[in-house]
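Structure record follows, encoded as structure tokens.
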Number of protein chains: 2
Amino acid sequence: MNKRSGINSKKRILDAALKVFSEYGYKGASMRMIASTARISIGGVYLYFANKEELYLTLIKERLDDFSAQVKTSISEIEDPVKAISSFIMMYLEYAKTHKELILTQGREHGFAFAIDIKREFFKEQRGIIEGIVARGIQSGVFTECNAKEVTKIIMGTMRGFILSIVVDPDNLFSPKECCRLMLGGLLKRTNRAEGEKVRR
Amino acid sequence: MNKRSGINSKKRILDAALKVFSEYGYKGASMRMIASTARISIGGVYLYFANKEELYLTLIKERLDDFSAQVKTSISEIEDPVKAISSFIMMYLEYAKTHKELILTQGREHGFAFAIDIKREFFKEQRGIIEGIVARGIQSGVFTECNAKEVTKIIMGTMRGFILSIVVDPDNLFSPKECCRLMLGGLLKRTNRAEGEKVRR
DNA sequence: TTAATTCCTGAACGTTTGTTCATATGAATG
DNA sequence: CATTCATATGAACAAACGTTCAGGAATTAA
């Protein structure tokens with residue numbers, strides 16, 4: 001494993017870091033674990049990343065940007081607020097399932113004010129997107145009159161809850177489809193039949 | 001600090017452990033930190049707990065039991081499913097706010113299959129309670145016909161999301177009241193006025 | 001072939017960790 | 001008073017940690 005292999009090394013390290021950080025958390029993951037998973041020496045890791053923190057931050061930033069881009073492209077052109085919200089929920093949960101619990105690694109360690117600026121930025125953006133959809137829905141009379149900001153926070157909360165559930169109670173994850181249904185239709189019975197049907201599809 | 005002080009020592013250690021584990025996570029918290037927070041020597045901690053893991057497990061179990069009892073007594077006699085669900089949500093979120101993010105400590109470390117049996121038991125019980133309420137609501141015609149199991153998972157997911165939000169984005173927590181509203185009423189507009197009002201209160 | 005460059009290795013260092021244990025202390029008992 | 005016993009201490013230890021660095025190996029350039 002020498003010379004030209006260096007082209008892949010950085011990527012291999014990042015892949016390994018994702019795996020190890022996800023499984024053991026920031027403190028629990030050791031640089032040696034990451035190195036051996038990436039099939040490189042400990043010293044080799046420090047060739048590409050100055051220290052553990054930089055490696056971790058690079059990883060988080062990479063993932064957040066990737067996710068952010070995916071959200072944008074997947075719902076930017078959807079006009080219908082109902083479809084837009086549904087799409088957001090579906091894609092968020094699908095992404096969370098695929099990329100498991102890296103997101104959870106954030107927050108926990110360091111007294112949880114770690115990559116706070118990067119995260120804040122990300123969350124703010126996400127909130128902006130949903131809030132826009134909700135506001136549009138209210139304005140067009142499709143959604144009930146409510147506090148768009150609060151509803152947005154609740155939706156984001158539920159998404160986060162899904163992520164936490166993956167880690168804590170993976171045998172009992174809720175279905176994205178049912179989640180859309182509940183968020184849109186609510187638990188209380190509707191007397192108007194047409195509405196009920198709209199929700200169901 | 002000698003002799004008779006031993007009466008309080010165990011409790012002091014547990015209090016300190018809660019504080020330190022919550023702030024630094026399992027791996028991040030050191031026995032020395034806990035000891036000094038409890039104003040006891042390192043050796044003193046090992047007088048009451050065989051090791052770090054036992055201390056942690058004791059703590060988790062204590063909290064889970066406490067929370068479990070509080071849930072039960074607060075909604076056991078409520079007949080109305082709407083009020084029962086609302087009570088559950090309100091009390092869950094209030095408890096989470098008070099006891100911050102100890103619950104988050106679970107899952108993350110140890111490759112996240114740690115106190116799995118204790119937790120599983122706890123979650124199962126919680127699910128059972130909510131599912132009962134939902135089923136009752138459906139049967140009595142107050143709730144829409146839906147998959148009670150799925151709805152239960154979504155509600156629990158949202159509760160967990162709140163917990164995660166406390167750690168990750170504490171400036172943007174949603175209000176418990178609004179959460180009840182959304183869960184019950186949904187986002188879609190209702191044509192029937194009476195229903196809408198029912199949700200609002 | 002030699003020199004320069006790039007990539008990589010792993011022993012070594014200083015810290016910090018969880019845990020142990022010989023020792024001390026002071027109230028309770030006789 | 002002396003003895004007993006629960007309670008508390010903190011130096012000591014091995015293990016693991018993040019990080020450094022002198023050196024080795026493979027490729028490219030001369």
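We name chains A, B, ... by the order of the sequence lines, and we start the count at 1 in each one.
- Here the nucleotide nearest the side chain of S41(B), chosen from dT7(D), dG10(D), dC7(C), is dG10(D).
- At whole-Å resolution of the value, CD1 in I42(B) and C1' in dT7(D) are 16 Å apart.
- Salt bridge E121(A)/K124(A): absent, no basic N to carboxylate O contact under 4.0 Å.
- Between D171(A) and R120(B) a salt bridge is recorded (basic side-chain N to carboxylate O distance below 4.0 Å).
- Heavy atoms of A29(B) sit under 4.0 angstrom from primed sugar atoms or phosphate atoms, though from no base atom.
- Between dT7(D) and S9(B), no contact under 4.0 Å exists linking OP1 or OP2 to a side-chain N or O.
- For the pair R39(A) CZ and dG10(C) P, the computed distance is 15 Å after rounding to whole Å.
- Taking atom NZ of K27(A) as the reference point, atom P of dT16(C) lies 10 Å away to the nearest angstrom.
- I40(B) comes within contact range of the sugar-phosphate backbone alone, with a heavy-atom separation under 4.0 Å but no base atom that close.
- Under the 4.0 Å criterion applied to side-chain N and carboxylate O atoms, K19(A) and D15(A) are not assigned as salt-bridge partners.
- For the 3.5 Å distance criterion, the side chains of S165(B) and R160(A) qualify, holding a donor opposite an acceptor.
- As a whole-Å value, the separation of I34(A) CD1 from dT19(D) C1' is 14 Å.
- A sub-4.0 Å separation between OP1 or OP2 of dT7(D) and a side-chain N or O of Y48(B) is absent.
- Checked against dG10(D), dG18(D), dC8(C), the side chain of R32(A) finds its nearest nucleotide in dG18(D).
- Side-chain proximity of S30(B) to the nucleotides dT19(D), dA11(D), dG18(C) is greatest for dG18(C).
- The interatomic distance linking Y46(A) (OH) with dG23(D) (P) rounds to 22 Å, in whole Å.
- For M33(A) and dT19(D), the CE to C1' distance is 18 Å, given to the nearest whole Å.
- One can place NZ of K52(B) at 11 Å from C1' of dT16(C), the figure rounded to the nearest angstrom.
- Atom pair K10(A):NZ and dT6(C):C1' shows a separation of 15 Å (rounding to whole Å applied).
- Side-chain proximity of L47(B) to the nucleotides dT7(D), dG18(D), dT19(C) is greatest for dT7(D).
- Geometric assessment of K10(A) against the ring of F49(A) yields a positive cation-pi assignment under the 6.0 Å and 45° thresholds.
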